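Quantities reported herein were computed from a predicted structural model and do not represent experimental measurements. Order of listing sets the numbers, starting from 1, for every ligand and every atom in it.
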Amino acid sequence: MDWARQVHIKSPAELDAMREAGRINAMALEAVKELLQPGVTTADLDAAAEEVLRKHNAVSPFKGYPGPYPYPATITVSINDELVHGIPSKKRKLKAGDIVSVDCGTLFEGFVGDSAFSAGVGKISPKARKLLEVTEGALWAGIDKMQAGKRTGDVSAAIQQYVESHGYHVTREYTGHGVGRQMHEGPQVPNYGTPGRGLLLRPGMTIALEPMVLIGTPKTRVLADRWTVVSADGSLTAHFEHSVAVTEGEPLILTVL
Ligand code: MG
Ligand code: MG
């Protein structure tokens, strides 16, 4: 493998550019979070994120993303059993008790930020609350391993072990990934793996870690819209993501304010 291809940023200026794309992405997700209440449509959430990107002269790497057909929106909004890739709609209203996973990407001055969160609408069940906590905890467990000298398998295994220690499942079908000038670059970083295996982490690597967690089964299926991925058994799911840089020291989270 040509490892140089796996180092996504090659200068402090490029790191700053990634950080700025990530900051704008965080602002877009904050705008969405502020709207999360019953009666709001998922198209309203999309419009709010799009507005933030437009204000900052950024564009969406989601819009037009190749798939079964070009992805039609700025964010994905996936509710309850929907794990990822839910398409915003004017007809889809949030309800109290829903858990909503929102994923957003930002392309700014040649670099991409990619992050996601899940959150409750109104009062949610203790079961849903625990799922959110475990999924976010799994992201932090993975970030903790984003240290030069460790390997992608250390990151993957940390996420898997955290999730499975709580009795939940990680998807095998969708993974974290390198992020840089493109939203999806190498290496793939699955949410399962073996410590000590995989690619050596080096300063300058930027990776989007994204635990996708299911309560009942690791299996998923795709809805008739050909984008939305749901749990095969209809059980609740959650998704958290940050784009993170490996540095000489501590991991640097790019997709924060
Ligand atoms: Mg994402
Ligand atoms: Mg991603």
Side-chain angles (χ1 to χ4, degrees), residues 6 8-9 18-19 21-33 42 45-46 48-50 52-53 58-67 70-79 82-88 99-108 111-119 132 135-136 138-140 142-143 146 152 155-156 159 170-193 199 205-213 220 222 227-229 237-246 251-256:
Q6 309 298 341
H8 306 87
I9 48 175
M18 282 285 288
R19 182 68 187 83
R23 199 173 69 84
I24 296 167
N25 206 59
M27 284 191 273
L29 288 179
E30 282 301 315
V32 170
K33 262 180 212 168
T42 56
L45 304 181
D46 189 64
E50 189 174 347
V52 171
L53 266 55
V59 297
S60 169
F62 283 25
K63 215 168 222 184
Y65 194 87
Y71 189 74
T74 297
I75 59 175
T76 65
V77 186
S78 310
I79 301 174
E82 298 166 4
L83 178 65
V84 286
H85 305 167
I87 301 173
I99 56 174
V100 183
S101 300
V102 179
D103 196 341
C104 188
T106 294
L107 173 61
F108 180 72
F111 287 93
V112 174
D114 182 13
S115 58
F117 71 91
S118 298
L132 298 183
T135 308
E136 188 169 16
L139 174 58
W140 290 107
I143 290 171
M146 285 282 289
T152 54
V155 177
S156 295
I159 292 171
V170 291
T171 180
R172 301 304 205 257
E173 291 146 325
Y174 304 91
T175 73
H177 51 88
V179 57
R181 292 182 179 274
Q182 305 286 325
M183 183 163 63
H184 292 135
E185 300 187 356
Q188 280 197 350
V189 182
N191 293 311
Y192 63 95
L199 199 68
M205 291 176 73
T206 46
I207 294 175
L209 300 183
E210 47 182 318
M212 292 162 248
V213 177
T220 63
V222 178
W227 273 103
T228 310
V229 177
T237 68
H239 177 207
F240 281 83
E241 177 179 31
H242 272 307
S243 301
V244 183
V246 179
L252 178 67
I253 301 170
L254 301 163
T255 38
V256 286

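- Looking only at N/O/S atoms, Glu210 comes nearest to the Mg ion (ligand 2) through OE2.
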Intermediate values then yes/no, side chain to side chain contact (heavy atoms under 4.5 Å, CB included), Ser78 and Leu83: CA-CA 6 Å; Ser78 310; Leu83 178 65; over 6 Å; no
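- Seen from the Mg ion (ligand 1), atom OD2 on Asp103 and atom OE1 on Glu241 lie at an angle near 100° (rounded to 10 degrees).
- The atom of Asp114 that is an N, O or S and sits closest to the Mg ion (ligand 2) is OD2.
- Put simply, the side chain of Arg181 never gets that close to the backbone of His8: no donor and acceptor are under 3.5 Å apart.
- With rounding to the nearest 0.5 angstrom, the OG1 atom of Thr237 is 10.5 Å from the CD1 atom of Ile79.
- With hydrogens and angles ignored, the 3.5 Å screen pairs no side-chain donor or acceptor of Asn191 with any backbone N or O of Thr171.
- Counting backbone and side-chain atoms alike, His177 contributes an N/O/S atom closer than 2.8 Å to the Mg ion (ligand 2).
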